[in-house]
2 protein chains.
Amino acid sequence: MSNNQFKRGELYSFITGKASTAIARRLQKKINARGINLTIEQWSVLYHLWKKEGLSQQELCNATFRDKPSITRLVDNLERLNLVKRVASDNDRRINLIYLTKQGQKLEEQTMMMAEETLNEALKGVPVEQIDVCKQVLQVVYDNLKS
Amino acid sequence: MSNNQFKRGELYSFITGKASTAIARRLQKKINARGINLTIEQWSVLYHLWKKEGLSQQELCNATFRDKPSITRLVDNLERLNLVKRVASDNDRRINLIYLTKQGQKLEEQTMMMAEETLNEALKGVPVEQIDVCKQVLQVVYDNLKS
DNA sequence: GACATATAGTTGTTTATACAACTATTCAAA
DNA sequence: TTTGAATAGTTGTATAAACAACTATATGTC
């Protein structure tokens with residue numbers, strides 16, 4: 001039996017990602033409830049900068065799976081919120097390196113706690129082994145399609 | 001060991017749904033390549049109408065996990081493309097029932113083939129058992145959060 | 001029947017996304 | 001060294017999303 005066997009009714013949620021939409025929305029609500037002015041999309045950019053500062057916009061494109069115009073505008077908005085700064089690279093004047101402001105750094109602790117809390121709520125009752133399988137599958141899907 | 005154990009590096013893709021984004025984008029490209037003027041979001045609305053015509057906008061909200069303004073505008077655009085028609089309900093004049101036009105019906109065969117093809121590409125090399133686990137987990141996540 | 005409340009849908013506003021077209025800089029080859 | 005291609009980023013345009021505020025209709029209770 002091949003893995004090409006899909007019942008039609010099961011197609012949909014794979015394509016439209018209802019589950020991850022629900023997770024993202026839940027985290028957004030937590031962020032709003034704390035009075036923090038930040039979208040999930042902006043959060044996802046900050047997330048990568050918290051891991052490693054000074055990424056170029058192109059590196060942020062790759063990391064967040066967004067195209068260049070999307071990152072341009074997200075960085076625009078993050079700059080307007082005073083959370084990041086564009087710094088022109090010395091080596092290559094085409095490149096903007098993105099650095100966190102103090103305010104941007106401060107958001108890490110607060111929001112990462114909310115993100116973990118959100119995932120715990122989302123995955124309540126799911127055995128660790130199943131979560132692992134799920135992560136693997138999503139990774140394979142991503143690898144199959146990113147080319 | 002509880003399932004609350006997450007390494008930070010694994011948080012991200014669960015929240016932002018990179019895999020489903022990739023699937024949706026792949027299907028969108030197939031649709032465009034065929035010269036069909038239709039977004040994935042519009043497709044996801046049509047998908048439910050192909051299963052059952054005459055749904056109300058509210059029912060489409062529930063089915064597609066979108067809010068009412070989003071459905072209003074998607075139906076606006078689908079009507080503009082001559083793919084669906086709003087028909088006022090006889091019983092309750094608040095309700096619009098959404099029906100497919102002939103053109104809207106015609107899209108089913110073409111695009112469902114592309115959707116299945118896309119899923120097959122996405123899940124290439126993934127054993128059926130793992131796909132099942134994945135579907136279960138995503139369903140639990142969705143149920144955990146939809147309340 | 002009248003009034004409060006719930007439900008269905010629309011409109012306004014801001015943010016985000018895809019795609020195409022553009023500028024500026026770098027690199028590589030003639 | 002000049003020219004052409006590649007790379008980094010921006011801007012224009014259309015579609016979509018969330019949230020709040022709104023209109024219209026229905027329902028239920030007094």
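So you know, we letter chains A, B, ... as the sequences are listed, proteins then strands, and number each from 1.
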Engineer: Taking transitive links into account, so neighbours of neighbours count too, which hydrophobic residues share a cluster with A:Ile95 at under 4.5 Å side-chain distance?
Structural biologist: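 Same cluster as A:Ile95: A:Val87, A:Leu97, A:Tyr99.
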Engineer: Looking at every strand, decide which applies to B:Asn96 at a 4.0 Å heavy-atom threshold: base, sugar-phosphate, or nothing.
Structural biologist: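 Here B:Asn96 touches the backbone only, sparing every base.
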Engineer: Round to the nearest Å and state the distance from A:Asn32 atom CG to D:dA18 atom P.
Structural biologist: 12 Å
Engineer: Starting from the 5' end of DNA chain C, give me the residue, B:Gln28 or A:Asp92, whose nearest nucleotide shows up first.
Structural biologist: B:Gln28
Engineer: Measure from CZ on A:Arg26 to C1' on D:dA18 and round the result to the nearest Å.
Structural biologist: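 Result: 16 Å.
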Engineer: Find the distance between CG (A:Asn144) and CG (B:Leu119) and round it off to the nearest 0.5 Å.
Structural biologist: 11.5 Å
Engineer: Would B:Asp143 and B:Gln139 count as a side chain to side chain donor-acceptor pair (under 3.5 Å) here? Give the steps.
Structural biologist: CA-CA 6 Å; B:Asp143 292 337; B:Gln139 184 61 46; 3.1 Å; yes
Engineer: Nucleotide range of DNA chain C contacted by chain B, 5' to 3', under 4.0 Å to a heavy atom?
Structural biologist: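 Listing 5' to 3', DNA chain C meets chain B from C:dA6 to C:dA18.
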Engineer: Expressed in angstrom and rounded to an integer, what is the separation of B:Arg80 atom CZ from D:dA14 atom C1'?
Structural biologist: 10 Å
Engineer: Measure from CG on B:Leu83 to P on D:dT15 and round the result to the nearest Å.
Structural biologist: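 That distance rounds to 13 Å.
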Engineer: Measure from CG on A:Leu27 to C1' on D:dA17 and round the result to the nearest Å.
Structural biologist: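 My rounded result for the distance is 16 Å.
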Engineer: Nearest-Å distance, CZ (A:Arg25) to C1' (D:dA17)?
Structural biologist: 9 Å
Engineer: Determine whether B:Gln136 and B:Asp132 satisfy the following criterion, side chain to side chain donor-acceptor pair (under 3.5 Å), listing intermediate values before the conclusion.
Structural biologist: CA-CA 6 Å; B:Gln136 280 170 37; B:Asp132 283 335; over 6 Å; no
Engineer: Report the hydrophobic cluster partners of A:Met113, with the cluster defined as I, L, V, M, F, W, Y residues connected by side-chain heavy atoms closer than 4.5 angstrom, directly or transitively.
Structural biologist: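 Direct or chained contacts put A:Met113 with none.
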Engineer: Could you state the atom-to-atom distance from CG of B:Asn77 to C1' of D:dA17 in whole Å?
Structural biologist: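 After rounding, the gap between these two atoms is 13 Å.
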Engineer: So A:Gln42, base contact, sugar-phosphate only, or nothing? Heavy-atom distance under 4.0 Å.
Structural biologist: sugar-phosphate
Engineer: Taking for each residue the nucleotide of DNA chain C with the nearest heavy atom, is it A:Thr39 or A:Asp67 whose nucleotide lies nearer the 5' end?
Structural biologist: A:Thr39
Engineer: Going by the rule side chain to side chain contact (heavy atoms under 4.5 Å, CB included), which residues pair with A:Glu121 if we only count those two or more places apart in sequence or in a different chain?
Structural biologist: A:Arg26, A:Lys30, A:Glu117, B:Leu145
Engineer: Is it the case that the side chains of A:Asn32 and A:Gln28 hold a donor-acceptor pair, with the cut-off being a distance below 3.5 Å and no angle test?
Structural biologist: yes
Engineer: Could you tell me whether the phosphate oxygens of D:dA17, OP1 or OP2, come under 4.0 Å of any side-chain nitrogen or oxygen in B:Arg66?
Structural biologist: yes
Engineer: Is the side chain of A:Glu53 donor-acceptor paired with the backbone N or O of A:Leu100 at a distance under 3.5 Å, no angle test?
Structural biologist: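 Between the backbone of A:Leu100 and the side chain of A:Glu53 there is a qualifying donor-acceptor contact (under 3.5 Å).
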Engineer: What is the distance, rounded to the nearest whole Å, between atom CD of B:Gln57 and atom P of D:dT25?
Structural biologist: 15 Å
Engineer: For DNA chain C, find the residues of residues 68-76 of chain A with a heavy-atom distance under 4.0 Å and give them by number; none if there aren't any.
Structural biologist: A:Pro69, A:Ser70, A:Arg73, A:Leu74
Engineer: Could I get the full list of side chain to side chain contact (heavy atoms under 4.5 Å, CB included) partners for B:Arg73, not counting sequence neighbours?
Structural biologist: B:Pro69, B:Asp76
Engineer: With nearest nucleotide decided by heavy atoms, which residue, B:Glu41 or B:Arg93, maps closer to the 5′ end of DNA chain D?
Structural biologist: B:Glu41
